[in-house]
Amino acid sequence: MALLYGLLWRLLLLLVHVNRVLVSWLRVRLRSMKGRLWERAVAALLLPLALAGFPDQQKKLNHANPDANGNPVTGSRAAGRRARWLSDGRALDKLPVHIGLLVAEEELSYTDTANLVVWCMAVGISYVSVYDQHGIFQKNNSRMLEEIVRQQQDLLGVDGSKYSVEVLNNGSDKQQQNVLSCRPAVKLLCPDDGKQSIVAAAQQLCRSVEKRERSSKDISVTMLDSLLRESKNVPDPELVVKFGPVDSTLGFLPWHIRLTEFMSLPSHRGVSYDDLLGVLQRYSSCQQRLGQ
Amino acid sequence: MSWIREGELNLLEKISANILKAGPMPKHVAFIMDGNRRFARKKQMGRQEGHMQGFNKLAETLRWCKHLNIQEVTVYAFSIENFKRTKDEVDGLMELAKQKFEKLLEERDNLEKHGVCIRVLGDLNMLPVDLQRIIAKAVVTTQSHNKCFLNVCFAYTSRYEITNAVREMAWGVEEGLIKASDVSEALLSECLYSNNSPNPDLLIRTSGEVRLSDFLLWQTSHSCLVFQSVLWPEYSFWNLCEAILQFQLNHKSIQKARDLHREHQASQQLEADRACVAELLQHHGNGKPADAQRRQEALLHHTACREERIHDFLEALKHKRDSFFNDLTSEAAVA
């Protein structure tokens with residue numbers, strides 16, 4: 001009997017995988033195919049079949065946009081794009097000030113991630129945090145920075161230097177942290193920025209208690225929060241976009257995500273501007289009651 | 001209505017449960033039971049009634065979990081942020097909680113029969129004293145039960161919980177029980193309200209919201225997160241199965257991530273111990289570099305002492321927490 005249930009379980013998992021493959025294949029096909037009939041047919045097929053994990057983009061069937069993805073451009077095309085992206089951002093009811101890009105995939109693509117960063121900034125988001133669970137982006141931050149600059153030039157044209165990027169490393173380049181400017185900033189994060197930072201802050205407080213500089217009763221949420229906030233200007237991420245099939249935060253900044261909205265895209269590889277815009281549109285329509 | 005629902009699953013439910021149980025099952029599931037007020041609006045009933053229905057659904061869900069061999073359930077019943085609601089609603093929720101915990105005490109024998117241990121996690125001194133007393137009684141009455149565990153987060157937010165854990169460690173330092181260098185991720189976990197439970201394998205939030213709202217942020221860093229659009233009072237056995245299936249699909253990758261994190265934690269602890277020992281040897285070494293054997297001995301000694309300190313500190317913390325509940329129950333007896 002147990003054997004039978006085991007087999008049935010494996011069959012169930014197989015069906016779910018087949019469904020997922022089908023759905024992602026259809027999504028790719030749809031991007032290159034225009035036509036209302038196709039959309040309606042597929043939407044009818046997808047809706048009952050889709051298993052909701054992190055709510056993802058199956059219901060949003062955006063039209064293909066040949067301009068949005070990286071093609072080396074002439075100046076006017078880039079300017080047009082830039083203007084369009086900025087107006088897309090302005091058209092949204094709300095835009096996150098700080099967005100998190102959580103890449104929960106084993107194979108990382110610097111180009112696609114750089115694209116995402118450039119799009120986020122072009123749309124008007126001030127702070128972009130990029131996270132992967134092995135901290136690979138952070139370890140290779142110079143390569144990441146190069147890639148972001150390259151994509152900026154490709155997508156936004158030569159004039160893209162207006163959106164100059166500061167890659168904030170964990171306090172190691174303190175002089176790069178320009179707290180007063182409102183230029184967009186990119187931060188590359190790793191798991192140690194999460195729980196380990198909280199532990200480091202706790203150690204700091206305990207050491208000051210050891211030295212009788214303060215009492216344990218003085219320790220408050222605001223005190224801990226200010227230690228964990230690198231700069232007063234950087235708010236908690238309002239939105240985290242997760243890329244990949246794993247339904248977990250994988251250690252991403254536990255302290256900072258208390259009110260963060262989580263949205264999911266299937267993969268960061270081959271991601272398009274429209275995918276990102278879809279997520280931002282969904283974010284702009286969500287309501288936060290903040291306990292009330 | 002009762003906390004404990006008796007009753008078997010129907011045939012179809014039983015078959016589905018058996019199919020799911022052929023795969024890896026979560027041992028600890030956490031629920032953010034969201035959607036009571038929207039449900040009330042939808043059915044044109046009062047908010048209080050919506051919360052009542054929410055409670056009934058909780059009891060129902062516990063029955064399903066029992067049949068699915070899910071031993072531990074944690075629920076987010078009342079956030080510290082919820083104190084911002086209107087006085088009427090807050091008072092209504094406090095009254096509902098009081099009634100439910102009183103009912104719990106009436107069902108004491110049934111709870112013993114099923115071996116249900118109830119824990120209440122949160123900054124309980126924010127609650128009215130009479131509610132604190134009833135909660136304390138419920139916790140103390142069921143604390144020796146060990147077949148299944150229900151953790152109710154009441155007057156809780158994760159940030160307050162983490163801050164409290166840091167405060168407790170600072171208290172330990174103040175009392176001379178531990179040193180500041182003993183502070184680690186593992187020790188912080190042991191100082192949380194949830195220290196008696198393993199981390200949740202699966203976190204489910206209903207009503208379509210896709211945020212954590214300050215719930216178990218530390219404990220769910222490597223849990224499977226499932227967001228479902230159904231409103232909590234309308235939650236069904238099939239919704240639960242869907243969530244468990246999602247957990248099973250993610251199981252391997254999450255397990256891998258967890259193991260990676262654990263390894264990383266262990267190596268960080270070793271590094272921290274080595275750094276402490278190096279500093280110690282420098283102080284006592286008169287400038288002469290210590291040989292490898294001496295370093296190793298010192299490391300083992302340091303680690304053993306650290307573990308002993310931590311053990312004593314955690315005992316003291318447990319005693320402090322138990323006293324909090326015992327004092328309240330003895331007050332209740334006198335009152």
Side-chain angles (χ1 to χ4, degrees), chain A residues 1-2 5-10 12-13 16-17 51-55 104 133-134 191-192 194-196 198-199 201-210 214-221 223-225 245-252 254-255 257-263 286 288 290-292, chain B residues 18-23 79-85 157-160 162-163 165-174 178-181 183-185 188 208-215 217-218 220-229 242 245-246 248-250 253-254 257 260-261 264 268:
Chain A
M1 203 56 179
Y5 283 125
L7 285 169
L8 283 170
W9 179 73
R10 265 174 248 281
L12 180 61
L13 250 60
V16 172
H17 280 301
L51 263 183
F54 272 77
Q133 62 161 319
H134 301 283
D192 280 347
K195 283 185 176 175
Q196 202 50 37
I198 301 175
V199 172
Q203 267 179 342
Q204 199 180 323
L205 290 170
C206 285
R207 252 178 259 127
S208 66
V209 166
E210 215 167 39
R214 66 168 110 243
S215 150
S216 65
K217 293 193 183 59
D218 298 335
I219 296 175
S220 66
V221 176
M223 195 185 281
L224 198 52
D225 192 44
V246 186
D247 293 325
S248 171
T249 57
L250 298 173
F252 180 91
W255 179 268
I257 53 172
R258 74 180 170 118
L259 295 175
T260 304
E261 302 284 324
F262 288 93
M263 296 189 187
C286 73
Q288 290 223 344
L290 299 170
Q292 288 171 302
Chain B
N18 285 336
I19 294 177
L20 282 179
K21 284 195 270 192
S79 162
I80 293 177
E81 301 291 323
N82 294 151
F83 279 118
K84 289 190 221 163
R85 293 184 181 178
T157 63
S158 194
R159 283 193 178 181
Y160 269 76
I162 294 173
T163 306
V166 175
R167 213 181 290 127
E168 298 288 23
M169 291 192 293
W171 168 76
V173 168
E174 243 166 20
I178 50 169
K179 302 187 185 175
S181 59
V183 169
S184 68
E185 198 178 308
L188 208 156
E209 305 294 346
V210 293
R211 49 185 181 266
L212 297 172
S213 298
D214 223 339
F215 183 56
L217 301 174
W218 179 278
T220 57
S221 63
H222 288 83
S223 305
C224 181
L225 304 184
V226 175
F227 297 107
Q228 297 179 289
S229 50
E242 193 188 322
L245 190 59
Q246 205 63 29
Q248 293 177 330
L249 292 165
N250 278 286
S253 21
I254 291 183
L260 188 75
H261 182 78
H264 187 62
Q268 272 176 332

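Chain letters run A, B, ... following the sequence lines, proteins first, then strands; residues in each count from 1.
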Non-hydrogen atoms of chain B under 4.5 Å away: do they reach the side chain of [X], the backbone, both or neither?
X: Arg10(A); result: neither
X: Leu224(A); result: side chain
X: Ile257(A); result: both

Next on the checklist: For Lys179(B), I'd like to know if atom NZ has over 12 heavy atoms of other residues, nucleotides or ligands within 6.0 Å.
Outcome noted: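 At most 12 heavy atoms, drawn from other residues, nucleotides or ligands, come within 6.0 Å of this atom.
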Next on the checklist: How about NZ on Lys217(A), more than 12 heavy atoms from neighbouring residues, nucleotides or ligands closer than 6.0 Å, or not?
Outcome noted: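 No - once you tally the heavy atoms of other residues, nucleotides and ligands closer than 6.0 Å, there are 12 at most.
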Can you check whether [X] reaches [Y] side chain to side chain, under 4.5 Å on heavy atoms?
X: Trp171(B); Y: Ile219(A); answer: no
X: Arg258(A); Y: Ser213(B); answer: no
X: Asp192(A); Y: His264(B); answer: yes

Under the 3.5 angstrom rule, does the side chain of [X] hit a backbone N or O of [Y] as a donor-acceptor pair?
X: Glu210(A); Y: Ala180(B); answer: yes
X: Lys195(A); Y: Glu185(B); answer: no
X: Arg211(B); Y: Leu259(A); answer: no

With a 4.5 angstrom heavy-atom cut-off, which part of [X] approaches chain A: side chain, backbone, both or neither?
X: Leu188(B); answer: side chain
X: His222(B); answer: both
X: Glu168(B); answer: neither
X: Ser229(B); answer: neither

Taking all non-hydrogen atoms of both residues, which atom of [X] and which atom of [Y] are closest, and how far apart?
X: Asp247(A); Y: Asn250(B); result: N-OD1, 2.8 Å
X: Thr249(A); Y: Ser221(B); result: OG1-O, 3.3 Å
X: Leu250(A); Y: Ala257(B); result: CD2-CB, 3.5 Å
X: Leu225(B); Y: Ser248(A); result: CG-CA, 4.5 Å

Checklist entry - Taking every heavy-atom pair that is under 4.5 Å apart, which of Leu8(A), Leu13(A), Asp218(A) has the most such pairs with chain B? => result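 Maximum pair count with chain B is reached by Leu8(A).
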Next on the checklist: Heavy-atom pairs under 4.5 Å with chain B: which of Gln196(A), Met223(A), Gln204(A) has the most?
Outcome noted: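 Among the listed options, the one with the most contacts to chain B is Gln196(A).
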I'd like to verify something: which residue of [options] has the highest number of heavy-atom pairs under 4.5 Å with chain A?
options: Ile80(B), Thr220(B), Val183(B); answer: Val183(B)
options: Gly23(B), Ser223(B), Ser253(B); answer: Gly23(B)
options: Cys224(B), Gly172(B), Ser79(B), Ala165(B); answer: Cys224(B)

Distance in Å, [X] [atom1] paired with [Y] [atom2], rounded so as to fall on 0.5 Å steps:
X: Ser184(B); Y: Gln203(A); atom1: OG; atom2: CD; answer: 8.0 Å
X: Ser220(A); Y: Arg159(B); atom1: OG; atom2: CZ; answer: 12.0 Å
X: Thr163(B); Y: Trp255(A); atom1: OG1; atom2: CH2; answer: 3.5 Å
X: Tyr5(A); Y: Ile19(B); atom1: OH; atom2: CD1; answer: 7.0 Å
X: Ser215(A); Y: Arg167(B); atom1: OG; atom2: CZ; answer: 10.0 Å

Next on the checklist: Run His134(A) and Leu260(B) through side chain to side chain contact (heavy atoms under 4.5 Å, CB included) and show every step you take.
Outcome noted: CA-CA 9 Å; His134(A) 301 283; Leu260(B) 188 75; 3.3 Å; yes
Next on the checklist: The test is side chain to side chain contact (heavy atoms under 4.5 Å, CB included); show your working for Leu205(A) and Met169(B) and say whether it passes.
Outcome noted: CA-CA 10 Å; Leu205(A) 290 170; Met169(B) 291 192 293; over 6 Å; no
Item to check | Set of residues satisfying side chain to side chain donor-acceptor pair (under 3.5 Å) with respect to Gln133(A), sequence neighbours excluded | outcome: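 Gln133(A): no side chain to side chain donor-acceptor pair (under 3.5 Å) contacts found.
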Item to check | Trp9(A)/Asn18(B) under side chain to side chain contact (heavy atoms under 4.5 Å, CB included): CA gap, chis, key distance, verdict | outcome: CA-CA 9 Å; Trp9(A) 179 73; Asn18(B) 285 336; over 6 Å; no
Checklist entry - Between Leu212(B) and Thr260(A), does a side chain to side chain contact (heavy atoms under 4.5 Å, CB included) hold up when you go through it step by step? => result CA-CA 7 Å; Leu212(B) 297 172; Thr260(A) 304; over 6 Å; no
